[in-house]
Number of protein chains: 2
Amino acid sequence: MAYTQTALAALAALGDPTRRAIFERLAARPLAVGQLSEGLPVTRSAVSQHLKILKQAGLVADVSEGTRRIYRLDPRGIGAMRAWLDGFWTQALDDFAAFVDQPHEPPPQKDPA
Amino acid sequence: MAYTQTALAALAALGDPTRRAIFERLAARPLAVGQLSEGLPVTRSAVSQHLKILKQAGLVADVSEGTRRIYRLDPRGIGAMRAWLDGFWTQALDDFAAFVDQPHEPPPQKDPA
DNA sequence: TTTGTGTGTAAGCCATGGCTAACGGTTAGC
DNA sequence: GCTAACCGTTAGCCATGGCTTACACACAAA
C-alpha cells in the first residue's frame, strides 16, 4: 500500500482553506500562476508556495509553457485519497450497523492485554 | 449539494496528524476516550478536544455507556468526502487526458473577459 | 452521601505554518 | 545586448491552533 503516504500528504495539503480554493479553481480549468492568484485574496507568492505543497502531495501537475507555468489537477493524489477513504468506508458502515443491530452490546473490555 | 459543508469540515479535520491517528484507531474498533488516549502521545484532554472537532465534522459518533463514552466511525463524514472527491476525479482524468492527447494545445487565454 | 471513575471545558503557553515583501532566475521579444 | 513578463525562493512577521494544566460535571458503587 504505497499510496498511503501520498494519501496522507494529500489530506494534509487539502486541510488548508486556501489550498482547497486553489484546488477547486484548477478543477474548473488549468491555469497559470498569475491567473490563479488574480481570483484569490492572497499574493501570487503565497499561491506559488501552496502549489509547491499541492504538487508534492500529487494533487496538481505543472507544464512549462514559455515563461508561464500551467497547473492542472493530478489524478494520482485524488486516487490515493479515494483508495484511503474506501478502506474506512466499509468499516464505518459495519460499525454503524453493529450499533444499530445490537444497541445493548457490552462495551469493549478495558484492557484486553 | 448540502454535503459540501460536511466534506470541507471533514477535510479540515483530517488535516491534522493527531486527528488522523485517532480516526485510524477508531477504525480498528470503537473505543472510549481513556482507551484512545493510552495509545497516543498526547493527553486525554487533547484527545477529547480532537474528538469534538471530529464529531462536528461528522467523522465520528459517540454513545454514552455508563460513565464512559464510546466513540466509533460515522459514515456520514466519510461519505461526504467521497462524494466531494468524486466530483473532481473524472475532471482530473479529463484534464490529464487532454494534456496527453493534445500536448501542443495553446494555453488558456490570459483574460477571457 | 461519599468516594472514585470517566469525561468535557476553560485558561494560557508556545510552536507550527501561512502570509507579505524583496530578491534572483528564466524566457520571449525588441 | 537590453527590457519586460512570469515565476520560484528566501527572510521575517504574526496569527492560528494544538497542547497541557487545572477545574467542573455526570454516573456508579459503597
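Letters A, B, ... mirror the listed sequences (proteins, then strands); counts begin at 1. What you see is a predicted model; the values in this text were computed from it and never measured.
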Side chain proximity check, B:Leu85 to B:Trp89, heavy atoms < 4.5 angstrom
no
Would the distance check show the side chain of A:Arg76 and the main-chain N or O of A:Gly58 forming a donor-acceptor pair, the cut-off being under 3.5 Å?
no
Considering only heavy atoms from C-beta outward, does the side chain of A:Leu11 approach that of B:Met81 to under 4.5 Å?
yes
Do A:Leu14 and B:Trp84 touch side chain to side chain, with heavy atoms closer than 4.5 Å?
yes
All N/O contacts under 3.5 Å from nucleotides 7-13 of chain D to the protein, with atom names and distances to one decimal?
| residue | atom | partner | partner atom | Å |
| --- | --- | --- | --- | --- |
| D:dC7 | OP1 | A:Val33 | N | 3.1 |
| D:dC7 | OP2 | A:Gly34 | N | 2.8 |
| D:dG8 | OP1 | A:Tyr71 | OH | 2.7 |
| D:dG8 | OP2 | A:Ser48 | OG | 2.7 |
| D:dG8 | O5' | A:Ser48 | OG | 3.4 |
| D:dG8 | N7 | A:Arg44 | NH1 | 3.2 |
| D:dG8 | O6 | A:Arg44 | NH2 | 3.1 |
| D:dT9 | O4 | A:Ser45 | OG | 2.8 |
| D:dT10 | O4 | A:Gln49 | NE2 | 3.3 |

Out of A:Lys55, A:Arg68, A:Arg72, which residue meets the salt bridge (Lys or Arg N to Asp or Glu O under 4.0 Å) rule with A:Asp62?
A:Lys55
Find out whether B:Leu51 and B:Arg69 are in side-chain contact, i.e. whether some heavy atom of one side chain is under 4.5 Å from a heavy atom of the other.
no
Contact check, side chains of B:Asp74 and B:Ile78, non-hydrogen atoms, under 4.5 Å
no
Side chains of B:Tyr71 and B:Leu31: does their closest heavy-atom pair fall under 4.5 Å?
no
With a 4.0 Å heavy-atom cut-off, tell me which residues in residues 12-23 of chain B come close to DNA chain C, sorted by residue number.
none
What's the CD-P distance between A:Glu65 and D:dC6, to the nearest Å?
14 Å
Would you say the side-chain atoms of B:Gln35 pair up with the backbone N or O of B:Ala32, donor to acceptor, closer than 3.5 Å?
yes
Taking B:Ala13's backbone N and O only, do any of them form a donor-acceptor pair with B:Arg19's side chain (distance below 3.5 Å, no angle check)?
yes
Axis-to-axis angle across the helix from C:dT1-D:dA30 to C:dC30-D:dG1, five pairs an end, to 10 degrees?
30°
Between B:His50 and D:dC19, does any side-chain N or O lie under 4.0 Å from OP1 or OP2?
yes
